[in-house]
Amino acid sequence: MIEIENVTYKYPDSEFFALRNISLRIEKGEAVTLLGPNGCGKSTLLKLINGLVFPESGSYRFDGEEITHKKMQKPVFAGKLHQKVGFVFQQSDAQLFCPDVYDEIAFGPRQMGLSEEEVGRRVSDCVELLSIGSLIRRSPYHLSGGEKRKVAIAAVLSMNPEVLVLDEPMNGLDPRTCRWLAGFLKSLHEAGRTVVLTTHNLDLVEELSERSLLFDENHEVAADLPTGSLLDDIELLKRVNLVDECWRGRI
Amino acid sequence: MDNRPPELPGWMTGEEVYIPGKDKSAFVNKSILSVLGLLSRIKTQDTKAASKYMPHAVFMVFGTLLLVVLLSFSRGFTFPMVALVYLLVLLAFMDGRAIRSILKVSLIAALGSALVLLPAALNGSAFTAVLITGKVFAGITAVNLLSHSAKWNDISAAFKRFLVPDLFIFVFDITVKYIYMLGDYLLNMLYALKLRSVGVNRNKYASLSGIGGNLFLRSSEMAGDMYGAMECRGFTGKYRAVKRFRISPADLLFIGANLAIVIAFIYLGRVKK
Amino acid sequence: MHIPDNYLSPETCAFMAAAMVPVWTISVRKVKEEISKPKMPLLGIGAAFSFLLMMINVPLPGGTTGHAVGGTLIALLLGPFSACIAVTVALLIQALLFGDGGILAFGANCFNMSFILPFVGYYVYKFVKSRSKTAKGEYFGILLGSYLGINAAALSAAILFGLQPLLFANAAGQPLYCPYPLAVSIPAMTIPHLLVAGVVEAIFTATIFAYIRRTSPGTIYQGAKTKTKAIYGFIAVLVCLTPIGLLAAGTAWGEWRPEEISSVVTGVKALGFVPDGMKNGFSIKAIMPDYTVAGLPDAAAYILSAIAGVALLIILFKVAGSFRKDKEGGTLG
């Protein structure tokens, strides 16, 4: 479903590579975690998958169709990709821009041309799924970090994407909410969604995804393995500077 | 309390069959490009390494302002042409990317000027049209040369030597810094809007109002944070000491070139019929 | 809305800068009353907000895009005096660091965008608000204030432009700066602002203000200062946010093209001008009285062209090289 071949990317006006010769495939229905030290390019890769940035060399195909800058200039093409791939940002602050939570979650479905009734149904379903019923008339700007994260997820889910991409979704969440989120993503995955996420929370990774990709400081893919094996290879994790000598392995 | 998520609703278990309707959302993409360009520009000037071939920022600032003023006063083509040759020489010292960036702005400005003045040119004011277009090209090249050659902190510090109060310089520096920080926030919001632009947005101004509004609220918060930080550090308003520096050969060369420019200006002015 | 350099004579520029001095002085004094002097750098944040606000492309009918200024919005959010300072700083940064032009015209641009626009907008709003007492009335006040504000600023710019050919021409009668007289500059600038830009500005201002009012009304400037200590930090925060719009490099000229050109051309036609140049044919002599560069001795001219030639070659090589470097994906560094 997601095919990335020999992709290299540099930010404009920069000498430095954000992504270097990355190749990977993610099939429909998989759950994959991207791991790696800060600055290795994980977030950039997520932006690429969502059609926000485009490879300098190499190609990105979604569902067999190559995603290029030119094609994404066409609103119909872009709209289709954005509906199929939902992106939850690391900073929920930047993701929410509607006056209240209802509008926020209704934004996507309304654009899709659904009737107000259908929109209302989707909103209430999402709200129930994420247990944010009490927040419906609140302004997203004033919510707590965890609440914002849930609203952001709801706002993305209401468009019913096939793929859910999350950038460090555990960031800033308390341990209880982290567990809840892990379970939630797992149930989405079990229902057939493709899930791609980045995280530093090495304890929850195995629960979230069967497969993990490890990035190194050279902005390349260092390993693509079943999560368990990857996390057990402590030397590998140290080599890419994801952990230091104090790391004793996962719980 | 049960921490397990509930069952997924029916519409979520199936695949969404969706063909987007046509809509014009150029404004989001254009805004994103503008902000990206802005952030990149600010970042680039910050990573500039000091070069011993560059004159000191103070002289560059003065030289640029001098040139802009003289251009404005000139009444014929000769001086602007002399200025242009001088600018070309300066440009030749810059690296390729900077040259492109500088020329892009000045060429677009000159083109715009030419278009605006075209009706006047056709109506008998061709002299004026060409003169202004030429001056616009030269003037904007000069200013962009400055902003691409010196670190912006150094440019604002240079104004201290022009007796501008510390306070103004500080505000200037703060503004640039926050343009970057708020710009990054704005960029992410624009991305968020773009990502959820899956179809027809009937109320584009409503989306913009959320983005603009959040931008204000965020800047409000940042101001509050900065205020708190200033309080905690007992901020009294002393900002920056003037850095002493030695005049280098590059400085002398630059000053010499500027003197030549002034002399040329006066000379050409005398020669005027 | 932004006046570029070389369209106004240096004398005009100096005059407008001088006119701004009292405005700036009073604004600084008024702002100091609200926040203490050491805290004034917080205005920089407001200036940043303003700068960014103007970068945003707003959708126009027909699928094109434009820009709003937001001067009235800032005045509403932070008060008119803070707005003045914030817009001023943003305009300075735009002119000096982003090189869009407007260094000498800085005083004039400030006069239009940091003085007229916010103050007209703010006081019209206050006037309407005091008369109406309803929420709808207040909203109308915002729409009207920002609409009138930007049109007043446009008119002021138009007058500055239009006076140039009247006052500054050379011995041959050729205008040295903006060549369009008042009869052309006024309709050319005011019509697009009355019909399009003003409406955009009004909607932009009102919708954003409404969002902020709904989400966080406490952050908005409350008008008269209260001197209780508790409010100090509050007011400082309010005062700091002055959104200043600055057009991104290049788009300023993009804005000129469709609106200004068409209205100037139609304006000229409507007023019955028959372009003289078209009657007599277009010749180089009309532009340059002499083929040689007037005033320079031949030797100097030769040397200059040689220098220019070499410099151009170097520039071309460097630019070509930079394209290649981008393609190959990076230098050795």
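Letters go in sequence order (proteins before strands), and every chain restarts at 1. None of the values given here were measured: they were computed from a predicted structure.
Here Ile93(C) contributes atom CD1 and Phe172(B) contributes atom CZ; the two are 4.5 Å apart, rounded to the nearest 0.5 Å. In this structure, Ser125(B) OG and Gln174(C) CD are separated by 6.0 Å, a value rounded to the nearest 0.5 Å. Taking CG from Leu217(B) and CG from Leu77(C), the interatomic distance works out to 9.0 Å, rounded to the nearest 0.5 Å. How far CD1 of Ile32(B) is from CE of Met55(C): 12.0 Å, rounded to the nearest 0.5 Å. Atom CG of residue Leu146(B) and atom CG of residue Leu97(C) lie 8.0 Å apart, to the nearest 0.5 angstrom.
When heavy atoms are compared at a cutoff of 4.5 Å, Leu65(B) approaches chain C solely by way of its side chain, counted from C-beta outward. Proximity to chain C (any heavy atom under 4.5 Å) is restricted, for Met94(B), to the backbone atoms N, CA, C and O. Neither the backbone nor the side chain of Phe209(C) comes within contact range of chain B; no heavy atom of the residue lies under 4.5 Å from a heavy atom of that chain. Residue contact with chain B, scored on non-hydrogen atoms closer than 4.5 Å, involves the side chain of Leu312(C) exclusively. Only the side chain of Leu186(B) comes within less than 4.5 Å of a heavy atom of chain C; its backbone N, CA, C and O stay farther away. The part of Ile155(B) that comes within reach of chain C is its side chain, from C-beta onward, which places non-hydrogen atoms under 4.5 angstrom from that chain. When heavy atoms are compared at a cutoff of 4.5 Å, Cys178(C) approaches chain B solely by way of its backbone atoms N, CA, C and O. No part of Val28(B) comes within reach of chain C, as not one of its non-hydrogen atoms sits under 4.5 angstrom from that chain. Of the two parts of Val176(B), the backbone and the side chain both hold a non-hydrogen atom closer than 4.5 Å to a non-hydrogen atom of chain C. In this structure, the portions of Ile56(C) lying under 4.5 Å from any heavy atom of chain B include both its backbone and its side chain.
Using a 4.5 Å heavy-atom threshold, the side chains of Leu38(B) and Leu52(C) count as touching. Val136(B) has its side chain out of reach of Asp5(C): every pair of non-hydrogen atoms, C-beta onward, lies at least 4.5 Å apart. The shortest distance between side-chain heavy atoms of Asn6(C) and Ser72(B) falls below 4.5 Å. Taking the side chain as every heavy atom from C-beta outward, Leu117(B) and Pro179(C) approach each other to under 4.5 Å. In this structure, Ser147(B) and Leu96(C) have side chains that are not in contact, with every pair of non-hydrogen atoms separated by 4.5 Å or more. At least one side-chain heavy atom of Tyr177(C) sits less than 4.5 Å from a side-chain heavy atom of Lys135(B). Looking at Tyr178(B) and Ile45(C), their side chains come closer than 4.5 Å, going by heavy atoms from C-beta outward. Looking only at side-chain heavy atoms (C-beta outward), Thr215(C) and Phe216(B) stay at 4.5 Å or farther from each other.
Heavy-atom pairs under 4.5 Å with chain B peak, among Ala311(C), Gly99(C), Pro59(C), at Pro59(C). Ranked by non-hydrogen atom pairs under 4.5 Å with chain C, the options Ile174(B), Leu88(B), Leu208(B) are led by Leu88(B). Ranked by heavy-atom pairs under 4.5 Å with chain C, the list Ser106(B), Ala92(B), Gly228(B), Ala206(B) is led by Ala92(B). Put simply, of Ile208(C), Leu316(C), Ile314(C), the one with the most heavy-atom pairs under 4.5 Å next to chain B is Ile208(C). When Val58(C), Ile103(C), Ile307(C) are compared by the number of non-hydrogen pairs under 4.5 Å with chain B, Val58(C) comes out ahead.
Residue pairs meeting the salt bridge (Lys or Arg N to Asp or Glu O under 4.0 Å) criterion with at least one member in residues 203-213 of chain B, sequence neighbours excluded, are Asp23(B)-Lys204(B).
The side-chain contact (heavy atoms from CB on, under 4.5 Å) test applied to Ile203(C) returns Tyr205(B), Val199(C), Thr207(C), not counting sequence neighbours.
Side chain of Thr128(B) to main chain of Pro175(C): a donor-acceptor pair is present (N/O by atom type, distance under 3.5 Å, no hydrogens or angles).
Pairing each heavy atom of Ala95(C) with each of Val143(B), the nearest pair is O-CG1, 3.4 Å. In this structure, Asn57(C) and Ser31(B) approach most closely via the heavy-atom pair N-OG, 2.9 Å. Pairing each heavy atom of Leu42(C) with each of Tyr227(B), the nearest pair is CD1-CD1, 3.5 Å.
Remark: Phe93(B) CZ is loosely packed, at most 12 non-hydrogen atoms of other residues, nucleotides or ligands lying under 6.0 Å away.
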Report the C-alpha separation of Phe49(C) and Ser220(B) in whole Å, then their side-chain angles, then the decisive distance to 0.1 Å, and conclude whether the side chain to side chain contact (heavy atoms under 4.5 Å, CB included) test is met.
-> CA-CA 10 Å; Phe49(C) 172 45; Ser220(B) 224; over 6 Å; no

Check against ring pair (Phe, Tyr, Trp, His ring centres under 6.0 Å), Trp24(C) and Phe168(B) = CA-CA 12 Å; Trp24(C) 284 324; Phe168(B) 295 176; 8.9 Å; no

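Between Trp152(B) and Phe98(C), the ring planes lie perpendicular to each other; the angle is over 60°, past the 30° to 60° tilted range.
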